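Computed from a predicted model, the values in this text were never measured in an experiment. Here is how names work: the chains are called A, B, and so on, in the same order as the sequence lines, proteins then strands, and each is numbered from 1.
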Number of protein chains: 2
Amino acid sequence: MKYLARSPKEVGHAIREARKARKLTQKDLAIRSGVWQETISKIENGLSGTKLETIFDILSALELEVTIDNRSKGSSTSLEDIF
Amino acid sequence: MKYLARSPKEVGHAIREARKARKLTQKDLAIRSGVWQETISKIENGLSGTKLETIFDILSALELEVTIDNRSKGSSTSLEDIF
DNA sequence: ATAATTTATGATCCCAAGATCATATTGACA
DNA sequence: TGTCAATATGATCTTGGGATCATAAATTAT
């Protein structure tokens, strides 16, 4: 599955989905990522802003990668239109 | 352009590239994103871990989006092989 | 329903991120 | 080369993230 994340909260959601898809408990993920289970819980529920570093630790443990790309075209005015 | 980011440092790099591609100064980006120029400088140079929130503020100002996906196949052992 | 596992919460401590201001360094360019 | 814009660095202060431990609540299994 592929997740488009527009906010830290959505990143947390993606993490939860991916973790479940891999049938890992928060504890399992905690061990594999070096991030505490309590912290993972908070991140998955969007209860904490998070450090990027921590997110990468988790994503890496889930074998997920991050792609940064231009916002999918369509709708609204782009920077090019403005400048 | 599309950036694969494996670490906070690479995110910073992607941000710098995208900012330049849009011909914006750090100051411009600071104004548009609400993040301080000094902070942007540090992030672009990987001199600071960063909060996810801040990253999204910046990416959003650059009209970039984040996709989280399974690590591109190939090489190494996957979780499925292990469990 | 009860026991066991998983997830959520709550508190404390430490440390680092970011705001903010000042200034140094670098880069463009007339 | 001297000036102006852009970027980097450095210090202080505040706030919040995450480690850590304890435990509550919810979920799953028996």
Worksheet item: Looking at DNA chain D, which of residues 10-20 of chain A put a heavy atom within less than 4.0 Å of it?
Response: none
Fill in: Results of side-chain contact (heavy atoms from CB on, under 4.5 Å) for B:Lys23 - residues two or more places apart only
none
Worksheet entry | B/S/- contact track for nucleotides 13-25 of chain C, protein heavy atom under 4.0 Å | ----SSSBBB---
Discussion item. Measuring only between side-chain heavy atoms, which start at C-beta, is B:Ile43 closer than 4.5 Å to B:Ile55?
Written reply: yes
Discussion item. Can you measure A:Lys27 atom NZ to D:dT27 atom C1' for me and round it to whole angstrom units?
Written reply: 17 Å
Discussion item. Using OP1 and OP2 only, check whether a side-chain N or O of A:Asn45 sits under 4.0 Å from C:dT7.
Written reply: no
Practice prompt. Examine distances only and state if a side-chain atom of A:Arg6 and a backbone atom of B:Ser60 form a donor-acceptor pair shorter than 3.5 Å.
Written response: no
Worksheet entry | Set of residues satisfying side-chain hydrogen bond (donor to acceptor under 3.5 Å, both in side chains) with respect to B:Glu53, sequence neighbours excluded | none
Worksheet item: With respect to A:Ile58, which candidate in A:Leu64, A:Ile40, A:Thr39 satisfies the side chain to side chain contact (heavy atoms under 4.5 Å, CB included) definition?
Response: A:Ile40
Worksheet entry | Chi angles and distances behind the side chain to side chain donor-acceptor pair (under 3.5 Å) call for A:Thr25, A:Asp28 | CA-CA 5 Å; A:Thr25 66; A:Asp28 294 333; 3.2 Å; yes
Worksheet item: Taking atom P of C:dT6 as reference, at what distance in whole Å does atom CG of A:Asp28 sit?
Response: 7 Å
Worksheet entry | Worked verdict on A:Val66 versus B:Val11 for side-chain contact (heavy atoms from CB on, under 4.5 Å) | CA-CA 9 Å; A:Val66 171; B:Val11 171; 5.6 Å; no
Discussion item. If the condition is side-chain hydrogen bond (donor to acceptor under 3.5 Å, both in side chains), which residues does A:Ser7 pass it with, not counting sequence neighbours?
Written reply: none
Fill in: side-chain contact (heavy atoms from CB on, under 4.5 Å) evaluation trace for B:Asn45 with B:Arg16
CA-CA 9 Å; B:Asn45 289 298; B:Arg16 167 158 291 172; 3.4 Å; yes
Worksheet item: At how many degrees, to 10°, do the end axes of the helix from C:dA1-D:dT30 to C:dA30-D:dT1 meet when each uses five pairs?
Response: 60°
Discussion item. Nearest whole Å is fine: how far is D:dT9 P from B:Glu44 CD?
Written reply: 12 Å
Discussion item. Salt bridge or not between A:Glu63 and A:Arg22? Use side-chain N to carboxylate O under 4.0 Å.
Written reply: no
Worksheet item: A:Lys9 has an atom NZ; how far is it from atom P of D:dG17, in whole Å?
Response: 13 Å
Item to complete: Let me know the distance between NZ of A:Lys23 and P of D:dT28, rounded to the nearest Å.
Response: 13 Å
Worksheet item: Is the distance from OP1 or OP2 of C:dT7 to the nearest side-chain N or O of A:Ser41 less than 4.0 Å?
Response: no
Discussion item. To check you understand the geometry: which heavy-atom pair defines the closest contact between A:Leu24 and A:Arg32, and what is its length?
Written reply: CD1-CD, 4.3 Å
